[in-house]
Student: 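There's a structure below that I have some questions on.
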Amino acid sequence: MSAPTGPASAAEPTTIRVATQQPYDVVVGHGVLDRLPALLPGAAERVAIVCPESLEGLLDRVLDAFPALTEDYDVTVLQIPDGEEAKTAETASACWDALGEEGFTRSDAVVTLGGGATTDLGGFVAASWLRGVAVVHVPTTLLAMVDAAVGGKTGINTDSGKNLVGAFHEPVGVLCDLSLLESLPREELVAGLAEVVKCGFIADTAILDLVEATDPAALTADAPALRELVERAVRVKADVVAGDLKETAGSAGAEHPGREALNYGHTLAHAIERASGYGVRHGEAVAVGCVFVAELAARAGDLAPEVVARHRAVLERVGLPTSYDGEADFEELLAAMRVDKKARGSVIRFVVLEDLARPVVLAGPSEADMRAAFEAVSA
Ligand code: GLY
């Protein structure tokens with residue numbers, strides 16, 4: 001692992017508690033991977049590390065850096081394909097076979113080392129093996145640190161769509177080691193910022209202020225500002241899932257949409273990703289989706305034009321797209337939005353803002369409003 005660098009790295013790690021029924025900590029800092037053995041259940045004898053092929057080098061460095069892992073535990077590496085390719089029933093089945101061969105018991109533990117697809121697949125394997133074994137997530141992308149690794153959503157894809165099979169299975173701990181972001185390609189870091197900015201619009205407007213006050217080129221792995229953004233976004237997510245882990249709170253007219261608020265911008269985003277054959281980065285699609293719902297809220301509700309403009313300004317500032325330039329037309333994207341997981345029956349639902357940090361559910365907006373909002377984000 002690279003040595004900690006910069007002033008932020010000198011600071012103590014920050015621990016953020018996710019206060020669900022089985023509370024756990026998200027540790028954010030530089031060089032926090034050394035906390036991994038302490039997070040494993042005391043009775044664990046076997047540890048399965050789920051890691052994509054492309055991170056084999058990183059995994060070797062982790063194992064070299066912490067010989068206690070291989071000395072104290074029987075470690076098995078479950079190598080999985082890179083990215084979304086890993087999220088299949090076949091990969092899950094290969095992992096189950098490996099756990100069976102190793103004699104994995106309920107007191108043993110899974111560790112994921114990778115991006116969001118790895119935490120989704122590895123979390124699902126942990127959720128399903130013996131009806132649930134402990135999992136520790138070590139996210140290696142910004143997107144996974146601020147979203148996928150926290151909150152216990154796990155899943156795989158099927159021919160019918162993304163994440164349609166899965167379980168809620170919370171980790172026993174999450175280690176967000178910012179040093180791991182040093183080798184993350186810039187486009188991936190920028191894509192992860194979409195989820196951070198989303199948290200700014202739905203809950204913590206200090207995120208927006210911080211992005212506006214920071215030179216975007218200075219948002220690097222060792223920057224104190226990036227660390228603060230990660231911590232703030234994780235706190236938003238921790239608070240939301242603590243109140244509504246299983247996403248049952250949201251209803252049209254409710255005070256707060258609960259966990260569904262985290263879906264801000266995601267309904268159009270999922271449709272864009274699907275239409276592109278998942279060739280578009282999730283964060284880039286979310287950025288466009290956030291502007292779309294802001295435009296929709298200005299039409300179907302009273303969202304002020306300056307808040308809509310702020311969406312474009314903040315997202316563009318960090319280098320994210322705010323308009324859709326793909327092949328799909330409105331009808332195709334609308335059809336995909338109608339079968340989004342968040343739809344209820346035939347009623348299409350969106351999380352929109354009444355104002356900054358005031359998310360609400362909008363159920364069944366008119367097609368004219370949706371079309372006009374889409375046209376406003378069409379390149
Ligand atoms: N990624 C949205 C959620 O965890 O609910």
Side-chain angles (χ1 to χ4, degrees), residues 142-143 146-147 187 190-205 207-212 216 219 229 233 236 257 260-276 279-334 336-337 340 342 348-362 365-379:
L142 178 58
L143 198 86
V146 297
D147 191 26
E187 318 81 77
V190 167
L193 286 170
E195 295 283 2
V196 175
V197 169
K198 174 202 79 178
C199 291
F201 280 110
I202 63 168
D204 179 6
T205 56
I207 288 176
L208 307 177
D209 300 337
L210 185 56
V211 169
E212 286 163 343
L219 287 175
L229 289 173
V236 168
E260 203 176 345
L262 298 170
N263 203 41
Y264 190 63
H266 282 55
T267 309
L268 180 64
H270 288 153
I272 290 174
E273 288 178 272
R274 190 170 171 172
S276 75
V280 173
R281 282 188 188 84
H282 177 66
E284 292 171 3
V286 167
V288 177
C290 287
V291 183
F292 169 75
V293 280
E295 290 283 0
L296 185 61
R299 288 168 173 80
D302 295 319
L303 191 64
E306 50 277 21
V307 180
V308 182
R310 199 170 180 193
H311 279 70
R312 287 198 170 82
V314 174
L315 293 163
E316 283 169 8
R317 182 170 175 81
V318 295
L320 284 160
T322 53
S323 59
Y324 175 66
D325 62 0
E327 305 282 298
D329 60 15
F330 174 68
E331 275 67 30
E332 182 182 344
L333 294 171
L334 181 60
M337 289 195 286
D340 190 83
K342 304 293 185 292
I348 193 164
R349 291 158 67 90
F350 296 93
V351 175
V352 294
L353 296 184
E354 284 181 335
D355 199 349
L356 285 173
R358 283 183 44 209
V360 289
V361 171
L362 171 69
S366 74
E367 192 169 318
D369 282 344
M370 289 189 282
R371 187 183 292 276
F374 180 70
E375 277 163 12
V377 297
S378 297

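When reading the values below, keep in mind they use all heavy atoms of this one structure, side chains included, and skip hydrogens, waters and symmetry mates.
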Student: Locate the shortest heavy-atom distance separating Ala287 from Leu315; write the atom from each residue and the value.
Tutor: O-CD1, 3.6 Å

Student: Checking side chain to side chain contact (heavy atoms under 4.5 Å, CB included) for the pair Met337/Leu268: CA distance, chi angles, key distance, verdict?
Tutor: CA-CA 6 Å; Met337 289 195 286; Leu268 180 64; 4.0 Å; yes

Student: For the ring pair Phe292 and Phe350, is the centre-to-centre distance below 6.0 Å?
Tutor: yes

Student: Does the side chain of Glu195 pick up a donor-acceptor pair with the side chain of His266 at under 3.5 Å?
Tutor: yes

Student: Where is the tightest heavy-atom contact between Leu193 and Leu142, given as atom of each residue plus distance?
Tutor: N-CD2, 3.7 Å

Student: Would Ile272 and Val288 count as a side chain to side chain contact (heavy atoms under 4.5 Å, CB included) here? Give the steps.
Tutor: CA-CA 9 Å; Ile272 290 174; Val288 177; 4.0 Å; yes

Student: With side chain to side chain contact (heavy atoms under 4.5 Å, CB included) as the test, would you mind laying out the steps for Glu331 and Arg371 before giving the verdict?
Tutor: CA-CA 9 Å; Glu331 275 67 30; Arg371 187 183 292 276; 2.6 Å; yes

Student: Just wondering, more than 12 heavy atoms not from Glu327 lying within 6.0 Å of its CD?
Tutor: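 No, not enclosed.
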
Student: For a quick test of reading the model, state the closest non-hydrogen atom pair linking Ala271 to Ala336 and the distance between them.
Tutor: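 Where Ala271 meets Ala336 most closely, the heavy atoms are CB-CB, 3.7 Å.
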
Student: Does a side-chain heavy-atom distance below 4.5 Å link Asp329 with Glu332?
Tutor: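 The answer is yes; the side chains approach within 4.5 Å.
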
Student: Side-chain contact, heavy-atom cut-off 4.5 Å: His282 with His270?
Tutor: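 They are in side-chain contact.
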
Student: Do the non-hydrogen side-chain atoms of Arg312 and Val377 ever get within less than 4.5 Å of each other?
Tutor: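 Arg312 vs Val377: side chains touch.
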
Student: What's the spacing between Leu334 CG and Met370 CE if we round to 0.5 Å?
Tutor: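 Separation between the atoms: 5.0 Å.
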
Student: Does a donor on one side chain and an acceptor on the other come within less than 3.5 Å for His311 and Glu295?
Tutor: no

Student: Any side-chain heavy atom of Ser323 within less than 4.5 Å of one from Val291?
Tutor: no

Student: Which value, rounded to the nearest 0.5 Å, describes the distance between Leu303 atom CG and Arg358 atom CZ?
Tutor: 10.0 Å

Student: Would Glu354 and Asp302 count as a side chain to side chain contact (heavy atoms under 4.5 Å, CB included) if you check the C-alpha gap in whole Å, the side-chain angles of each, and the deciding distance to 0.1 Å?
Tutor: CA-CA 7 Å; Glu354 284 181 335; Asp302 295 319; over 6 Å; no

Student: Evaluate the side-chain proximity of Asp204 to Cys199: yes if any heavy-atom separation is below 4.5 Å, no if none is.
Tutor: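 Side-chain contact under 4.5 Å: no.
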
Student: Which atom names give the shortest non-hydrogen contact between Ile202 and Leu262, and what distance separates them?
Tutor: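 In this case the closest contact between Ile202 and Leu262 is CD1-CD2, 4.0 Å.
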
Student: Hey, what do you get for CG (Asp355) to OG1 (Thr205), rounding to the nearest 0.5 Å?
Tutor: 10.0 Å

Student: I'd like to check Glu212 versus Asp209 (side-chain heavy atoms, cut-off strictly below 4.5 Å). Are they in contact?
Tutor: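 They are in side-chain contact.
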
Student: Can any side-chain N or O of Ser276 pair as donor or acceptor with the backbone N or O of Gly279 at less than 3.5 Å?
Tutor: yes

Student: Shortest non-hydrogen contact from Ala300 to Leu362?
Tutor: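 Shortest heavy-atom contact: CB-CD2, 3.9 Å.
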
Student: So, do Tyr324 and Leu333 sit near enough that their side-chain heavy atoms are less than 4.5 Å apart?
Tutor: yes

Student: With side chains defined as the heavy atoms from C-beta onward, is the minimum distance between Val318 and Val211 less than 4.5 Å?
Tutor: yes

Student: Is it true that, when you exclude Arg274 itself, more than 12 heavy atoms of the residues, nucleotides or ligands shown sit nearer than 6.0 Å to its CZ?
Tutor: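 Incorrect, the count does not exceed 12.
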
Student: On a heavy-atom basis, which atom in Ile207 and which in Val197 lie closest, and how many Å separate them?
Tutor: CG2-CA, 4.3 Å

